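Please see the structure below; I have some questions.
These numbers come from a predicted model, not from an experiment.
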Amino acid sequence: MAPAHLPTSRAAAAALDVHDPLASFRARFYLPEGVIYLDGNSLGPLPGAARQRLAQVVEAEWGEGLIRSWNAAGWIELPRRIGDKLARLIGAQPGEVIVADSTSINLFKVLAGALALRPGRRRIVSERDNFPTDLYMAQGLIELIGGGHELRLVEADEIGDAMDEDTAVVMLTHVNYRDGRMHDMAAVTRRAHACGALVIWDLAHSAGAVPVNLNGAQADFAVGCGYKYLNGGPGAPAFVFVARRHQADFRQPLAGWLGHAQPFAFETDYRPAEGIARALCGTPPILSLAALECGVDIALEAPMSAVRAKSLALTDLFIALVEQRCASHGLRLVTPREPDRRGSQVCFAHPNAFPIMQALIARGVIGDFRAPDILRFGFAPLFVRYVDAWDAAHILADVLDARAWDRPEFHRRAKVT
């Protein structure tokens, strides 16, 4: 049975949408008719403003301004300008965040820098179920630098006990990509600092979706992507946070020309820039940055307290409806029920998760599949409605009741799942 505070009919869900303080944001995105989009935690939809902004950049700034636009249109300032905006979303200060490269590359930078700040320690601690690219980057860096470093992987509940005097870095994703579990950032960071370790937080599934306070938690480093809840477009640039207290001593190995103290002096020897700019590497992708800024600007307009409240209400509703309507079909909730441990997604495990998700997509409910058996549904509060959660749960029940997923075309896997 659904909790008492949740709507008990579609009409009641629609009434919540009418009174939703975030309702007006939905019109800021292009959302195709007939689609319930529950995959904004993987790729956010197109902001309407991005269409106009990209046309302006292409036609006026690139087309007419040509190379002059690096100065005249402020292209060269975009990484820092958007970084300062992002800082407001993640509890950082101006000058602590900059936009650059990909999440993977930024993780490589800060992990290398963090290890250098703890030269007598050899262990990186992470969660076994962390996003694979984070683990791969750590493995690759260890292989590159040698020196006896090791990556120790443990279960989420074992992170605290895995820290000791040989731990250099604790590297975690704030909200787990597979099950939506959210770590207590302040508590984990406090425990790591107590044993002398530094902490890197991956905010890929947090920024723009859940409250984040990096400075309040005394975080050391963080990275995150721009194409999920920030709606920056496919392959949007990522961001990197370096706490101000570490910036003077922070060194990262990808010493590209834009991280130089004077890039246009074209000196032979590298001198790192002051502050967060030393986290830069190569030339910024202007078209992608322009689109990302539109998504970040929208996110900044929405009070995070309202975003979080709606996120929890949507996920509560969806969990309750699925468990009620699909009780006989073997779905197993893997997302935490506790609100303070849940990100903005709901995940159910099922042996036939892949074809079930393909059948849902064919019915206009777009979520995604994560191997080996996860049905993943993202609830981005700026555009997902209560009736979307209601309808998606009932369509899932229809698919399961009719075994509509058990058709050959739904078992065929494309390159991207």
Side-chain angles (χ1 to χ4, degrees), residues 1-17 26 31-43 45 177-181 310-338 342-381 383-414 416-417:
M1 179 178 294
H5 67 283
L6 297 178
T8 56
S9 68
R10 192 180 190 280
L16 287 179
D17 288 324
R26 181 176 170 85
L31 294 161
E33 287 293 326
V35 167
I36 298 173
Y37 194 59
L38 303 181
D39 212 4
N41 57 323
S42 193
L43 174 65
Y177 82 104
R178 192 191 300 271
D179 61 16
R181 172 177 174 154
K310 185 179 177 183
S311 166
L312 292 174
L314 286 168
T315 50
D316 277 343
L317 175 60
F318 188 71
I319 290 169
L321 289 171
V322 171
E323 292 189 330
Q324 179 184 46
R325 290 282 283 108
C326 308
S328 63
H329 291 290
L331 292 170
R332 177 175 58 85
L333 179 68
V334 297
T335 301
R337 295 182 188 276
E338 304 91 332
R342 186 195 319 152
S344 201
Q345 67 189 58
V346 175
C347 302
F348 287 94
H350 191 280
N352 296 300
F354 179 80
I356 291 170
M357 182 55 71
Q358 305 318 300
L360 281 173
I361 293 171
R363 290 280 302 270
V365 178
I366 301 179
D368 62 20
F369 162 79
R370 287 294 176 259
D373 62 354
I374 299 294
L375 291 152
R376 191 173 71 158
F377 303 92
F379 289 86
F383 59 85
V384 176
R385 301 168 299 186
Y386 290 96
V387 292
D388 294 330
W390 184 278
D391 291 344
H394 285 76
I395 293 170
L396 174 59
D398 290 345
V399 165
L400 293 171
D401 289 344
R403 288 185 63 88
W405 55 268
D406 200 10
R407 288 161 45 180
E409 63 267 32
F410 296 145
H411 288 266
R412 287 194 290 266
R413 302 199 183 197
V416 178
T417 61

Exercise. Quick one: does Arg342's side chain have a donor or acceptor within less than 3.5 Å of a partner on Arg337's backbone?
Worked result: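 Yes: the side chain of Arg342 pairs with the backbone of Arg337.
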Exercise. Roughly how far, to the nearest 0.5 Å, is CG of Asp316 from OG of Ser311?
Worked result: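 Rounded to the nearest 0.5 Å, the OG-CG separation comes out at 9.0 Å.
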For this session: Work out which heavy atom in Thr417 is nearest to a heavy atom in Ala414; give both atom names and the distance.
Result: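 Taking every non-hydrogen atom into account, CG2-O, 3.7 Å.
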Exercise. What's the verdict on salt bridge (Lys or Arg N to Asp or Glu O under 4.0 Å) for Asp17 and Lys310, showing C-alpha distance, side-chain angles and the deciding distance?
Worked result: CA-CA 10 Å; Asp17 288 324; Lys310 185 179 177 183; 5.2 Å; no
For this session: Would you check if Val35 and Val365 make a side-chain contact, meaning some heavy-atom pair closer than 4.5 Å?
Result: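 A side-chain contact under 4.5 Å is absent here.
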Exercise. Minimum heavy-atom separation for Ala359 to Trp405, with atom names?
Worked result: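 Where Ala359 meets Trp405 most closely, the heavy atoms are CB-CA, 3.7 Å.
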Problem set entry | Full working for side-chain contact (heavy atoms from CB on, under 4.5 Å) between Leu16 and Val387 | CA-CA 9 Å; Leu16 287 179; Val387 292; over 6 Å; no
For this session: Say whether, by atom type as modelled, one donor and one acceptor occur between the side chain of Glu323 and the main chain of Phe318 under 3.5 angstrom.
Result: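 No, because the side chain of Glu323 does not come within donor-acceptor range (under 3.5 Å) of the backbone of Phe318.
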Problem set entry | Non-hydrogen atoms of Ser344 and Phe379 that approach each other most closely |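 What the structure gives for the nearest pair is OG-O, 2.5 Å.
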Problem set entry | Working for side-chain contact (heavy atoms from CB on, under 4.5 Å), residues Asp368 and Leu38 | CA-CA 8 Å; Asp368 62 20; Leu38 303 181; over 6 Å; no
For this session: Measure across Ala313 and Tyr386 and return the closest heavy-atom pair with its distance rounded to 0.1 Å.
Result: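 That would be CB-OH, 3.6 Å.
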Exercise. At what distance, to the nearest 0.5 angstrom, does CZ of Arg407 lie from CZ of Arg412?
Worked result: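 So the CZ of Arg407 and the CZ of Arg412 are separated by 10.5 Å.
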Problem set entry | Residues in ring pair (Phe, Tyr, Trp, His ring centres under 6.0 Å) contact with Tyr37, at least two apart in sequence or another chain |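 Ring pair (Phe, Tyr, Trp, His ring centres under 6.0 Å) check on Tyr37 returns nothing, list empty.
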For this session: Any chance you could measure Gln324, atom CD, to Ile319, atom CD1, to the nearest 0.5 Å?
Result: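 Output value for this atom pair is 13.5 Å.
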Exercise. Ile374 versus Phe348: any side-chain heavy-atom pair under 4.5 Å?
Worked result: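 Counting from C-beta outward, Ile374 and Phe348 never come under 4.5 Å.
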For this session: Say whether, by atom type as modelled, one donor and one acceptor occur between the side chain of Arg332 and the main chain of Ala349 under 3.5 angstrom.
Result: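 Looks like no, no N/O pair under 3.5 Å.
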Exercise. Any sub-3.5 Å donor-acceptor pair from Thr315's side-chain atoms to Leu312's backbone N or O?
Worked result: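 Yes, the answer is positive, given that a donor and an acceptor are paired below the 3.5 Å cut-off.
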Exercise. Checking Arg178 side chain against Arg376 main chain: does a donor-acceptor pair fall under 3.5 Å?
Worked result: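 No; zero donor-acceptor contacts below 3.5 Å.
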For this session: Would you check if Leu375 and Leu331 make a side-chain contact, meaning some heavy-atom pair closer than 4.5 Å?
Result: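 When only atoms from C-beta onward are counted, Leu331 and Leu375 do touch, with a gap below 4.5 Å.
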For this session: Say whether, by atom type as modelled, one donor and one acceptor occur between the side chain of Thr335 and the main chain of Asp179 under 3.5 angstrom.
Result: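 The answer is yes, because a donor-acceptor pair under 3.5 Å joins these two groups.
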For this session: Search all heavy atoms of Leu317 against all heavy atoms of Ala389 and return the closest pair with its distance.
Result: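 Closest pair (atom of Leu317, atom of Ala389, distance): CD2-CB, 4.1 Å.
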Exercise. Where do Phe383 and Pro45 come nearest, in terms of heavy atoms and distance?
Worked result: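 That closest heavy-atom pairing would be CE2-CD, 3.4 Å.
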Problem set entry | Salt-bridge contact Arg26-Asp388 (side-chain N to carboxylate O under 4.0 Å) |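 Salt bridge between Arg26 and Asp388, a charged N being under 4.0 Å from a carboxylate O: yes.
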Exercise. Got a second to check how far Asp391's CG is from Leu321's CG, nearest 0.5 Å?
Worked result: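 Rounded to the nearest 0.5 Å, the CG-CG separation comes out at 10.0 Å.
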Exercise. When you measure from the centre of the six-membered ring of Phe354, is the NZ or CZ of Arg413 under 6.0 Å away and within 45° of the axis?
Worked result: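 Arg413 over Phe354 ring: yes.
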Problem set entry | N/O donor-acceptor pair under 3.5 Å between His350 side chain and Asn352 backbone |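 Here the side-chain-to-backbone pair exists.
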Exercise. Is Arg325 close to Asp401 at the side-chain level, that is, under 4.5 Å between some pair of heavy atoms?
Worked result: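 In short, these two side chains touch, coming nearer than 4.5 Å.
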Problem set entry | Check against side-chain contact (heavy atoms from CB on, under 4.5 Å), Phe377 and Leu360 | CA-CA 11 Å; Phe377 303 92; Leu360 281 173; 3.9 Å; yes
Exercise. With side chains defined as the heavy atoms from C-beta onward, is the minimum distance between Ser42 and Arg370 less than 4.5 Å?
Worked result: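 With C-beta onward as the side chain, the pair touches.
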Exercise. Is there a side-chain contact between His411 and Asp406, using heavy atoms and a 4.5 Å cut-off?
Worked result: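 They are in contact (side-chain heavy atoms under 4.5 Å apart), so the answer is yes.
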Exercise. Hey, does Ile36 have a side-chain heavy atom less than 4.5 Å from the side chain of Val384?
Worked result: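 Heavy-atom side-chain distance check fails, nothing below 4.5 Å.
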